[in-house]
Amino acid sequence: MTGPSIAQQATSSSTTSNETGSQRSSGPGQALPPVVVSPLQRRNAAAVDHRRNPLAASRAGTARRAAHRDNAAAPAAPPTAGTQQAALPPSFAGGQVARGAQLGLLGNRDYMATPFSLTSYTEQTIRDQQATSVAEVLTNSDPSVRAAIGSSNRYDALTIRGFRIENSEIALNGLYGLVPNYRVNPAPIERIELLKGPGAFLNGMAPQGSIGGSVNVVTKRAGDDPLTRWTAGYMSDGRFGTTLDVARRYGEQKEWGVRFNGAFDAGNTTIDRQSVRDGVGSLGVDYRGDRFRWSTDIIYQNDWMKAAARGYTPVTGIAVPAAPDPRINLAQPFDYASARSITGLTRAEYDLSSNVTLFGAIGGNHFGFDKQEAPGATILDSMGNAQSTSRYQIGKSDTVSGEAGIRSRFDTGPIGHEVVVSGSSLQRTDWLGQVNYANYLTNIYRPTLFASPGAPVSSFPEAKSDTLDLRSVGVADTLTMMDGLMQLIVGARQQQVVSSSFDPVSGLATAHYDQSATSPSVALVVRPIRELSFYANYIEGLTPGPTPPSGAANTNAVFPPFKTRQYEVGSKLDLGRFGASLALFQISMPSGLIDPVTKIYSLDGEQRHRGIELNTFGEVAPGVRVLGGVTFLDARLTKTAGHINDGHYAVGAPDLQGNLGVEWDTPFLPGLTATARAIYTSRAYVSADNLQSVPSWTTFDIGARYATKLAGRPTTFRASVTNIADRRYWIANPTGYLISGMPRTLWLSMTVDF
């Protein structure tokens, strides 16, 4: 996954440090007359500016982009290879999303010039939502995203376009395998970039495929202006926290930057008998010179949770009982989860010339955990009776991830080319130890509690459990024609997957495969006028081959990585202060099934998701901002065992999801902003036979923030209440697992800039 450039991150945060008022960034500036030059002349001119003063070049690039958006002429070609990522894409009007994001091999791109569904949420959105995780921001903001695992649990998981995405599949600055496996604390994060649909061609294969979409988080960098920001917060029913954000730049041209972020919170949550203690610290250092740019990040995160609330799986054939009060916790008093993660990442790029850039990055992560918990209760009947168990686990994982490549620009007659060749590698080793305890009966409305888990019934010591080695080489060519009116992207990525599993007692390999596959892609974007663009793409995903279940006749079979195919068409709108995107897509993926006669497991099944997405953002009127949209999804099982479930709806894939967030800068009190948000999810099926389902649900959130000055210091107060009606509801995910929605929660914070 080709991550954000160094200089691009270095100038990222200066646009988000102003807390003095609730009025947001303005729209485009005044139009400039078009200048007729060749694509290469335009890029070489930009390179000269960059050599003279990289900071001025960054500011000038932002000004040129703003002026261009008011220019009725065709979009300008991207800048030179060395300067194309001179800064993070600027914020759109309203500041909640950015004008563009990192797109793997293709680098930073404006959303109007991107032939994929791509959204980047800003650090301002993270602060204003008072979010405690990356998953919260995505679930609150995007109609295609829902929580597959809630924040009352020890870890996050998402569904994107109806497919489950694990937290461990989030990329950090373009590299997979470097975030904590359980939850990503947003304190060090500047941007949360969401690419919908499979992205193996663009990003390389995620550890588990990321079929419905991929998430990349970009760490903070020091902006041009000094920053010292302190925040104190509270979340009901007794959870207090604080964060510190400090950034400085040094040197004659401010070429050196340092940014520190630290956050800590602890206390009781809204869930019965549950408490947390979370901490994160990060240090980011960067250098931006004329030709050479470099950055490094060190991030440590430590999370502890008592009595993590797990989900439920109903047995087949029963009516799913009504959702319980979400405060009810089936976890035992002795249950806990502890996780530690430390990450180091460094990235560098060097301009061989104004049109050729070398880049590379390498990072490592160590993640360790120990936990005593119920892995999830099985609901036995419609009265809520359930069977659960207790399990102790200890484990760790070590990951090394890196990439290297070259980016070049040149013209062939009237056609401009940007060619990128990149190689990536990820190596991960996991260790696991486990102690199992006896099953017991409980009830989702009236939990059964014990003083201890009792005597163990089985165990195995901590030992190496599996290894994963992902290697890939990708190539892409972006052809720019008609002075930027049309862009065609062609390319492919060749990926090799080497995986092994080991017996925890003997240490012998129980399964192994070494397979490779190629993921091609083609995409087209046409922008006939400045306000409107149309796009189409064909892109493939790649997922490690599955392991046959224990009931199969061929349990030792080895399957190659399987491909997921997406066809998508769409359009995007840019009215300066208001933007929107519309996408129509189809994603099909093979799925495993057991032949009812031979009992042989094979990849003969198929699941197909078709959908329509509408996203809106920006200012619909002076002082009124919106963020949200709607997703219509028709997710079907198209090839099932014996064709019994053909045509049935896919598990955990609602056919309608909607998010709408509104902000209003009140005219009667300058600095005061009122906020409201509604989230709707339609009925979702829990079983492939479609006989079990959970009803639709809607939650409403309200809030306000007030930006003022105290003792001459810019200060912002925030308050919000989520699920204000205290709605009880089930959330179903694609594995058939159910979680209970979060109860009404109060959030308060105060931020001061010194």
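Fair warning: this is a prediction, and the values are worked out from it, not measured in the lab.
Of all heavy-atom pairs spanning A148 and T159, the tightest one is CB-CG2, 3.9 Å. Nearest heavy atoms, W431 versus T429: CZ3-O, 3.3 Å. Nearest heavy-atom pair across L633 and P654 is CB-O, 3.5 Å. Nearest heavy atoms, T346 versus W294: OG1-NE1, 2.9 Å. Minimum heavy-atom separation, L432 to F369: CD1-CZ, 4.0 Å. K563 approaches A517 most closely through the heavy-atom pair CE-CB, 4.1 Å.
Salt bridge R428/D430: present, at least one basic N to carboxylate O contact under 4.0 Å. We find that R221 and D297 are joined by a salt bridge, their nearest charged nitrogen and carboxylate oxygen being less than 4.0 Å apart. One finds no salt bridge joining R347 and E349 here, because no Lys/Arg side-chain nitrogen approaches an Asp/Glu carboxylate oxygen to under 4.0 Å. Contact check on D286 versus R293 returns no salt bridge, with no Lys/Arg side-chain nitrogen under 4.0 Å from an Asp/Glu carboxylate oxygen. Comment: R340 engages D370 in a salt bridge, judged by a side-chain N to carboxylate O separation of less than 4.0 angstrom. R99 has a carboxylate O that lies under 4.0 Å from a charged side-chain N of D110, or vice versa, which qualifies the two as a salt bridge.
When each of T132, T139, L138, V134 is checked for a side chain to side chain contact (heavy atoms under 4.5 Å, CB included) with E136, only T132 meets the rule. Applying side chain to side chain contact (heavy atoms under 4.5 Å, CB included) to L175 and the options N203, V400, L345 leaves one that passes, L345.
Side-chain atoms of N108 never come within 3.5 Å of backbone atoms of G100 as a donor-acceptor pair (strictly under, hydrogens ignored). Listed for the K639 side chain is no donor-acceptor partner under 3.5 Å among the backbone atoms of P590. D503 places no side-chain N or O within 3.5 Å of a backbone atom of L508 that could act as its donor or acceptor partner. Side chain of H512 to main chain of S499: a donor-acceptor pair is present (N/O by atom type, distance under 3.5 Å, no hydrogens or angles). No donor-acceptor pair closer than 3.5 Å links the side chain of N733 to the backbone N or O of G652. H648 places a side-chain N or O within 3.5 Å of a backbone atom of A688 that can act as its donor or acceptor partner. For R407 (side chain) and F359 (main-chain N/O), no donor-acceptor pair under 3.5 Å exists by modelled atom type. At distances below 3.5 Å, not a single donor-acceptor pair connects side-chain atoms of E169 with backbone N or O atoms of A206. The closest donor-acceptor contact from the side chain of K196 to the backbone of S144 lies at 3.5 Å or more, if one exists at all.
Put simply, CG on N302 and OG on S341 are 9.5 Å apart, with the number rounded to the nearest 0.5 Å. If you take CD on Q102 and CZ on R109, they are separated by 11.0 Å, rounding to the nearest 0.5 Å. Rounded to the nearest 0.5 Å, atoms CD (E568) and OG (S117) are 5.5 Å apart. Rounding to the nearest 0.5 angstrom, the gap separating the CD1 atom in I165 from the CG atom in N167 is 11.5 Å. Between atom OG1 of residue T219 and atom CD of residue E190 there is a gap of 9.0 Å, rounded to the nearest 0.5 Å.
For Q496, the side chain to side chain contact (heavy atoms under 4.5 Å, CB included) partners at least two apart in sequence or on another chain are R471, V498, D514, S516. Annotation: ring-ring contact (aromatic ring centres under 6.0 Å, His included) contacts of Y121 (sequence neighbours excluded): none. With sequence neighbours left out, Y685 forms a ring-ring contact (aromatic ring centres under 6.0 Å, His included) with Y649.
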Run T638 and E606 through side-chain hydrogen bond (donor to acceptor under 3.5 Å, both in side chains) and show every step you take.
CA-CA 6 Å; T638 55; E606 185 180 71; 2.8 Å; yes

Given T343 and N365, is the side-chain hydrogen bond (donor to acceptor under 3.5 Å, both in side chains) satisfied, shown in steps?
CA-CA 4 Å; T343 296; N365 172 264; 2.8 Å; yes

Going through the distances and angles, do Y535 and N537 end up as a side-chain hydrogen bond (donor to acceptor under 3.5 Å, both in side chains)?
CA-CA 7 Å; Y535 72 91; N537 69 66; 5.4 Å; no

For the pair D303 and Q301, evaluate side-chain hydrogen bond (donor to acceptor under 3.5 Å, both in side chains) and give the outcome as yes or no after the intermediate values.
CA-CA 7 Å; D303 300 323; Q301 185 172 319; 2.7 Å; yes

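Between F410 and H417, the angle of the ring planes stays under 30°, which puts this pair in the parallel group of the 30/60° scheme. Classified by interplanar angle (parallel below 30°, tilted 30° to 60°, perpendicular above 60°), the ring pair F163/H609 is parallel.
Within the 4.5 Å cutoff, the side chain of V215 has heavy atoms near those of the I192 side chain.
Side-chain polar atoms of R493 and S472 form a donor-acceptor pair below 3.5 angstrom.
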